[in-house]
Every structure is written in C-alpha cells, then in structure tokens.
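Just below is one structure, and these are the notes that go with it.
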Amino acid sequence: MDPVLEPAPVRRTLPSEEARHLLDLVREIATKEVRPPAAEEEAASRFPRELFRTLSATGLLGLPYPEELGGGGQPYEVYLQVLEELAAARLTVGLGVSVHTLACHAVAEFGSDAQRSEHLPTMLGGGQLGAYCLSEAASGSDAAALRTRAVRDGDDWVLTGSKAWITHGGVADFCTVLARTGVDGPRGISAFLVPGDAPGLSAAAPERKMGMGGSPTAQVHLDGVRVSGDRLVGEEGQGFSVALAALDSGRLGIAACAVGLAQAALDEALAFTAGRRQFGRPLTDFQGLRFQLADLATQIEAGRALYLAAARLRDAGEAFSAQAAMAKLFCTDAAMRVTTDAVQLMGGYGYTADFPAERYMREAKVLQIVEGTNQIQRLVIARHLAGPPGS
C-alpha cells in the first residue's frame with residue numbers, strides 16, 4: 001500500500017484562547033498516552049487506572065464544575081469537545097471521564113455547602129474516580145422502580161440492595177447511589193454519596209462484554225452499608241430529580257463520545273482506502289467509495305453540531321432535556337452506522353483485530369444502550385413534542 005494518509009485535526013469553534021490551549025493539551029495527552037496502549041489494553045481487559053490519575057492531576061476530571069469547587073470552570077461546550085478528543089483516542093477513557101463527571105453531579109449541584117467543600121476537591125482533582133449507581137437488574141429502563149433501600153438507623157443510613165451495569169464497579173473511589181427511602185415510585189428515592197471502601201460494599205466480577213473490555217462494568221452489592229446522615233445528598237425523596245438532572249447532562253457526554261468514536265473510525269477508513277490501490281488506482285478515486293466517505297463525514301459533522309447546540313443551551317441556563325435526548329439518539333446511531341461502514345470500506349482487513357475498525361464497531365453498540373436506551377430517548381423527545389401519552 002502507499003503511505004498512510006494522516007487525518008487532519010477536527011476544526012473546532014471554541015469560545016476562548018484558554019479553551020484552545022486546553023484542546024491542544026488534550027490532543028497531546030491523547031496522542032502520547034491514551035491511544036498507544038489502547039488496542040493491547042482493551043484486548044487484555046486492562047483498566048488504565050493510572051491514566052485517570054494523570055487526567056485528574058491535569059484537571060481533566062472536573063472541567064465543567066466551578067473553579068471555587070475545585071473544577072476547571074469550563075462551559076459544557078468546551079468540556080464535551082474534550083470528551084470527544086479522548087473518546088477518539090480510546091472510548092474507555094472518554095466514557096470514563098463522562099461517567100466520573102456524572103457521579104460528581106449530585107454533590108456539585110444538589111449538595112450542601114459543607115458537602116461541596118468537604119468532598120468535591122478530591123472528587124474533582126484529587127485523583128479519585130467515581131461511579132454512578134442508578135440501574136438495577138430488575139428495573140432496567142424503569143429506573144423509578146429501583147429496589148435498593150436506605151433505612152434510617154439513628155443518625156445514619158443503612159443501604160441494602162444491588163446495582164447493575166455500573167461503569168467503574170469495583171474500582172471506583174466513591175459511588176453516587178440512588179436508593180429507596182420512602183414510598184414506591186419516583187418520590188420515594190434519595191441520593192447518597194458512598195465511599196468506595198465502605199464496609200459491606202462489594203462488586204461482582206466484571207461483565208463479559210462485546211466491547212470496551214478495558215472499562216469494568218459490574219454489579220455493585222450493598223450489604224448493610226452504613227453511611228452517616230451527612231452523606232444524604234439533597235433532600236430526602238429528591239433523589240429521582242437528582243438522577244434525571246444528571247442524566248440530561250450525561251447524555252450529552254455520551255453523544256460527544258459517540259462523535260469521537262465515529263471520527264476515529266472515519267479517519268481509519270480514510271487512511272486505509274487512500275493508501276490502497278485496486279485496478280491500478282487508489283480506492284479513493286472510485287466515486288461510490290468517495291460518496292460513502294462523504295456521507296459518513298456529514299453524519300459526524302451533523303452529530304457534532306447537534307451536541308454542541310444542546311451544550312450551548314445548557315451553558316445559557318436554558319432547558320435542554322429534549323435537545324440532549326436528540327443528541328444522544330442521533331450521535332450514537334450515527335456512530336453505529338459510521339463504524340459499521342468503516343469496516344465494510346476496509347473489507348477483510350477491517351474485520352481483523354490488526355486494525356482498530358472492528359473494535360470501534362463493537363464499542364459503538366453500547367453507546368446506543370447506556371444513559372437510557374435510544375428507545376427511551378425517543379420517548380423523551382416525543383413527550384416534549386406532544387406531551388405524555390393520553391394527555
């Protein structure tokens with residue numbers, strides 16, 4: 001094959017020179033530290049824990065939170081583009097940063113001043129890593145039906161139950177746990193900040209997944225886990241609102257990760273086809289292939305524009321729930337199409353583990369499921385358009 005075509009950096013519109021320097025730093029970290037070991041570590045299901053400590057030390061685990069709380073003070077418009085760059089280098093890392101940010105949301109947005117000052121500096125920049133514990137095996141998309149319980153015992157709370165599909169399960173330093181403290185349904189749920197080493201907290205063996213072997217996903221068990229009363233985040237019974245507020249922002253994180261993954265797949269397919277000749281010509285000279293590459297690039301740009309538009313609404317303090325659902329739906333569906341087509345464009349080579357395209361395709365599938373399946377996103381969007389069913 002001819003020399004490989006190097007992908008051009010993504011053209012970005014950023015709100016400040018500081019943001020431009022930040023993206024330059026992220027690209028450097030992605031190129032030197034995130035991408036090189038990705039294939040080997042994913043194949044061996046190795047979680048890059050030390051890399052996350054490095055990201056924390058450089059301030060990349062607290063970007064969208066205020067500087068006075070220990071964060072980076074960056075708007076979501078910038079934070080999401082950082083996620084995109086990290087996910088393009090390795091989805092385990094981009095998604096891990098997004099999940100950690102999600103796990104910090106409850107304390108940052110609903111915690112008391114005392115909780116913020118005590119916990120956020122180490123959560124956002126002290127080398128810690130978080131997990132977000134909402135899902136359960138029996139409730140699935142019906143999150144309000146969760147069964148994990150928290151019962152008062154004097155000044156403490158005692159938590160009992162199991163959480164499922166928890167990213168960073170077994171490796172997290174802290175967990176945001178949603179548990180039932182009252183009646184059935186959404187009004188009986190509260191949020192708790194649980195230390196990762198709390199007695200009675202344990203994790204099952206990581207799930208054996210189609211992709212993202214380097215990102216541990218596990219059941220988390222709470223067997224009489226005792227936490228002090230000041231670990232209740234927000235008001236008792238407010239937990240479901242806390243969870244939904246976090247998920248709106250988290251869905252934007254998934255959308256950005258999906259665009260990053262799709263961009264990586266397109267870059268790989270473009271480099272391969274530009275360097276391979278058939279019938280005496282580069283593959284990229286054939287119109288059918290050129291049209292397919294153009295379609296993939298257009299889907300990626302559309303997804304990027306959609307998640308950034310939602311982020312700017314969030315940064316302006318305006319409602320963005322429907323736009324977050326649209327971004328998550330469109331970007332993750334696009335990532336599945338782009339990665340599948342990238343494998344097809346590369347033919348038999350794309351199907352081998354010698355190239356990352358097959359890994360990208362396997363990884364893309366999970367993005368259509370996490371943070372609310374894409375069927376749930378359609379329900380959310382339709383509710384904003386037409387109101388609840390039967391209304």
Side-chain angles (χ1 to χ4, degrees), residues 22 25-26 29 33-34 47-74 76 78-79 82-83 86 92-134 150 155-157 159 163 166-179 190-203 215-216 218 220 222 225-234 239 242-243 245-246 249-250 253:
L22 173 62
L25 171 64
V26 172
I29 293 173
E33 300 187 50
V34 180
F47 179 62
R49 186 64 183 90
E50 285 304 316
L51 176 59
F52 279 91
R53 291 191 177 93
T54 299
L55 297 179
S56 180
T58 55
L60 297 183
L61 293 192
L63 285 177
Y65 294 113
E67 292 179 278
E68 59 268 24
L69 300 180
Q74 293 296 319
Y76 247 67
V78 173
Y79 157 67
V82 169
L83 280 189
L86 292 173
T92 283
V93 176
L95 187 70
V97 174
S98 181
V99 168
H100 173 81
T101 303
L102 182 70
C104 295
H105 185 273
V107 174
E109 298 294 333
F110 294 89
S112 65
D113 289 342
Q115 287 173 328
R116 292 191 187 103
S117 61
E118 179 179 357
H119 300 298
L120 280 178
T122 51
M123 291 167 66
L124 298 178
Q128 291 193 352
L129 190 66
Y132 185 74
C133 300
L134 171 62
D155 292 332
D156 297 339
W157 290 90
L159 283 70
K163 295 295 181 177
I166 304 304
T167 301
H168 302 155
V171 300
D173 299 294
F174 66 90
C175 302
T176 297
V177 178
L178 284 301
S190 300
F192 297 88
L193 181 64
V194 178
D197 59 356
L201 183 71
S202 63
S215 176
V220 171
L222 301 104
V225 173
R226 181 178 293 271
V227 297
S228 59
D230 60 7
R231 291 272 177 167
L232 171 69
V233 182
V242 172
S249 298

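Not measured: the values here are computed from a predicted model.
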May I ask you to test the [X]-[Y] pair for a side-chain heavy-atom distance under 4.5 Å?
{"X": "Thr176", "Y": "Leu102", "result": "no"}
{"X": "Val227", "Y": "Leu159", "result": "yes"}
{"X": "Val93", "Y": "Leu55", "result": "yes"}
{"X": "Leu63", "Y": "Leu22", "result": "yes"}

Examine distances only and state if a side-chain atom of [X] and a backbone atom of [Y] form a donor-acceptor pair shorter than 3.5 Å.
{"X": "Ser56", "Y": "Phe52", "value": "no"}
{"X": "His100", "Y": "Met123", "value": "yes"}
{"X": "Arg53", "Y": "Gly127", "value": "no"}
{"X": "Lys163", "Y": "Leu178", "value": "yes"}

Which atom names give the shortest non-hydrogen contact between [X] and [Y], and what distance separates them?
{"X": "Ala103", "Y": "Ala131", "value": "CB-O, 3.5 Å"}
{"X": "Arg49", "Y": "Asp173", "value": "NH2-OD2, 2.6 Å"}
{"X": "Leu124", "Y": "Gly71", "value": "CD1-N, 3.7 Å"}
{"X": "Tyr132", "Y": "Ile166", "value": "O-CD1, 3.6 Å"}
{"X": "Gln115", "Y": "Leu232", "value": "NE2-O, 2.8 Å"}
{"X": "Gly94", "Y": "Leu86", "value": "CA-CB, 4.0 Å"}

[atom1] of [X] to [atom2] of [Y]: how many Å apart, nearest 0.5 Å?
{"X": "Thr58", "Y": "Ile29", "atom1": "OG1", "atom2": "CD1", "answer": "4.5 Å"}
{"X": "Arg231", "Y": "Asp156", "atom1": "CZ", "atom2": "CG", "answer": "11.5 Å"}
{"X": "Leu134", "Y": "Cys175", "atom1": "CG", "atom2": "SG", "answer": "13.0 Å"}

After noting the C-alpha distance and the side-chain angles of Asp197 and Leu201, does the key distance pass the side-chain contact (heavy atoms from CB on, under 4.5 Å) rule? CA-CA 7 Å; Asp197 59 356; Leu201 183 71; over 6 Å; no

Are the ring centres of Phe47 and His168 closer than 6.0 Å? yes

Taking only residues two or more places apart in sequence, or in another chain, which ones meet Tyr79 in a ring pair (Phe, Tyr, Trp, His ring centres under 6.0 Å)? Tyr76

Results of side chain to side chain donor-acceptor pair (under 3.5 Å) for Thr92 - residues two or more places apart only: Glu42

Sequence neighbours left out, what passes side chain to side chain donor-acceptor pair (under 3.5 Å) with Asp155? Give chain and number order. none

Hey, mind stepping through Tyr65 and Leu120 against side-chain contact (heavy atoms from CB on, under 4.5 Å) and telling me if it holds? CA-CA 10 Å; Tyr65 294 113; Leu120 280 178; over 6 Å; no

Among Leu51, Thr54, Val26, side chain to side chain contact (heavy atoms under 4.5 Å, CB included) partner for Val34: Leu51

